[in-house]
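Right, one structure below, let's go through it.
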Number of protein chains: 2
Amino acid sequence: MESIVTMARADQTGSYKGSEKLRPEEMIYHEMLDAILDRRLEPGMKLVEEDLAKTFGVSRARIRATFLQLAHDKLINLVPNRGAFVSEPTIDEAIEVFSARRMIEDGVARKVATNMTPERAEQIKEHLDREHDAHHRGDHRAAIILSGEFHLLLARLSGNLVIEEFLERLILRTSLIIAMYESPQPVDCSHTEHDQLLNALLSGDPDVAAAEMSRHLDAIRDRLQLQRPKPGKTDFASIFGRIPTSEAS
Amino acid sequence: MESIVTMARADQTGSYKGSEKLRPEEMIYHEMLDAILDRRLEPGMKLVEEDLAKTFGVSRARIRATFLQLAHDKLINLVPNRGAFVSEPTIDEAIEVFSARRMIEDGVARKVATNMTPERAEQIKEHLDREHDAHHRGDHRAAIILSGEFHLLLARLSGNLVIEEFLERLILRTSLIIAMYESPQPVDCSHTEHDQLLNALLSGDPDVAAAEMSRHLDAIRDRLQLQRPKPGKTDFASIFGRIPTSEAS
DNA sequence: GCATGCAAAATTGTTAACAATCATGTCAGC
DNA sequence: GCTGACATGATTGTTAACAATTTTGCATGC
């Protein structure tokens with residue numbers, strides 16, 4: 001099962017003068033990306049160049065080039081002289097990502113609804129069928145990937161590559177955020193919500209489509225534990241499990 | 001005079017654990033970026049690693065790392081086994097960049113108008129004063145930079161770093177597009193248009209602000225020569241300056 | 001048991017060298 | 001003069017080695 005990126009990048013391989021063979025760091029990028037999205041590489045984990053170089057059978061320079069790519073996607077964090085770490089998005093960052101997605105996907109939904117054709121509708125439906133299938137099969141991983149790809153499909157249908165590429169990166173970051181802030185109940189897109197979104201898109205009304213998209217994104221965000229603890233008096237005794245011996249002056 | 005990126009990135013140096021000293025490829029990145037934006041490195045120009053390494057007094061590896069960063073910003077194009085070239089945005093790409101900017105900056109203008117404060121208004125005005133100054137001084141280069149920074153200031157005021165970073169990259173690409181498709185008359189933002197935009201933002205009405213922003217961006221785009229020649233019969237005679245000797249069968 | 005200093009190990013940063021590929025120039029044949 | 005083959009030079013792709021920095025472990029003193 002390939003990751004979200006493979007679907008999007010497969011269309012861009014042509015930019016490498018028709019070469020179908022991926023270069024080492026591209027393959028490594030995909031494998032690391034999968035590991036991050038699968039949560040095998042957990043937020044905060046240190047990524048040691050030499051270890052990865054040995055694992056992939058290349059020199060450290062290939063790993064470093066891959067790190068630069070992953071850092072651009074904000075999936076890892078490069079700290080000079082200290083190393084590379086899987087990103088740990090802050091709550092602020094998470095909120096900003098969702099806010100940015102709302103801004104972008106609002107426009108995408110408007111465009112798709114306005115320019116809806118029977119062919120495109122069919123394409124979206126087929127995708128949703130695959131989502132339903134994955135759910136029925138209990139293939140949780142496939143369902144998650146297809147769920148993200150649904151958003152990417154809409155971006156592609158909006159016909160703006162600049163936006164599509166940006167959204168792709170936001171979706172990857174969203175996956176990491178979900179890994180960090182997941183609540184006990186399922187957090188990813190519900191496929192019934194995608195059904196509702198499709199209906200809104202099929203209405204042909206950009207405002208209806210945009211409103212449903214916003215609702216959907218807000219629902220994902222609200223299912224995450226993004227609330228900050230309320231500021232209050234710091235209770236060191238309970239933090240450290242100590243009983244105060246006397247009142248400090 | 002520093003480039004657009006310096007203003008934005010100066011706020012992000014803290015991510016390098018407080019280190020104020022830029023690393024080699026960061027300094028090289030800035031210098032190359034300036035050269036591209038100044039049109040000293042022209043669209044299509046080949047960037048030879050060894051030559052640049054000698055110029056900057058570093059190894060080729062530093063240059064390659066810089067290339068990766070510039071390529072991520074779509075300012076250069078890396079072709080495997082052939083080299084790096086300053087990007088030559090296509091007409092389609094130019095149109096998509098402006099369309100993406102409309103999508104983003106529509107949201108930014110709404111946010112800024114909605115959350116306008118006297119302090120922020122003052123900040124924007126001061127920036128516009130500097131734009132006017134640059135125009136009166138006839139400092140064309142400063143005027144261009146300040147003009148792009150005006151948009152970036154609004155993005156910053158919208159309070160979403162994800163959007164700010166994305167817009168920064170779109171603005172850089174816009175500069176390259178302007179270099180490619182510039183018409184004889186001035187193409188960059190007119191500072192009177194920025195005045196009108198400020199008035200719209202000060203109205204506090206998000207719809208008014210968004211409409212003015214769209215008008216402004218459309219005006220820039222329309223001042224570029226982005227029209228494709230109409231498809232027609234290819235006239236080889238006039239292309240090659242030859243007079244046909246007979247009618248081909 | 002804790003703090004400090006130092007050495008060793010681990011890791012990152014960078015370069016030079018070699019391998020691989022592409023672009024250009026030259027020569028021979030037609 | 002044009003085309004094709006081949007050699008040469010230029011350039012990119014990649015690695016291993018060395019330099020620099022950080023982290024960890026150990027010994028000593030209090």
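Here is how names work: the chains are called A, B, and so on, in the same order as the sequence lines, proteins then strands, and each is numbered from 1.
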Rounding to an integer number of Å, can you tell me how far B/Leu78 CG sits from D/dG13 C1'? 13 Å
Within the supplied structure, the quantity of interest is the number of heavy atoms (other residues, nucleotides, ligands) at a distance under 6.0 Å from B/Met27 CE; does it exceed 12? no
Nearest-angstrom distance from the residue atom CG of A/Asn77 to P of C/dT12: 14 Å
According to ring-ring contact (aromatic ring centres under 6.0 Å, His included), does anything in residues 62-83 of chain B pair up with another residue at least two apart or in another chain? List the pairs. A/His72-B/His72
Is there a side chain to side chain contact (heavy atoms under 4.5 Å, CB included) between A/Leu167 and A/Glu165? Walk through the geometry before answering. CA-CA 5 Å; A/Leu167 187 59; A/Glu165 287 175 350; over 6 Å; no
For the pair made of CG in B/Leu52 and P in C/dT15, what is the distance, rounded to whole Å? 14 Å
Check the pair B/Ile171 / B/Phe166 against side chain to side chain contact (heavy atoms under 4.5 Å, CB included), numbers first and verdict last. CA-CA 9 Å; B/Ile171 287 166; B/Phe166 182 49; over 6 Å; no
Check whether the side chains of B/His151 and B/Glu105 place a donor and an acceptor atom closer than 3.5 Å, and report yes or no. yes
For A/Asp34 and A/Tyr29, does a side-chain donor sit closer than 3.5 Å to a side-chain acceptor? no
Distance, rounded to the nearest Å, where B/Arg62 contributes CZ and C/dT12 contributes P: 14 Å
Per-nucleotide protein contact along nucleotides 5-12 of chain D, 5' to 3', at a 4.0 Å heavy-atom cut-off (B base, S sugar-phosphate only, - neither), is ------SB
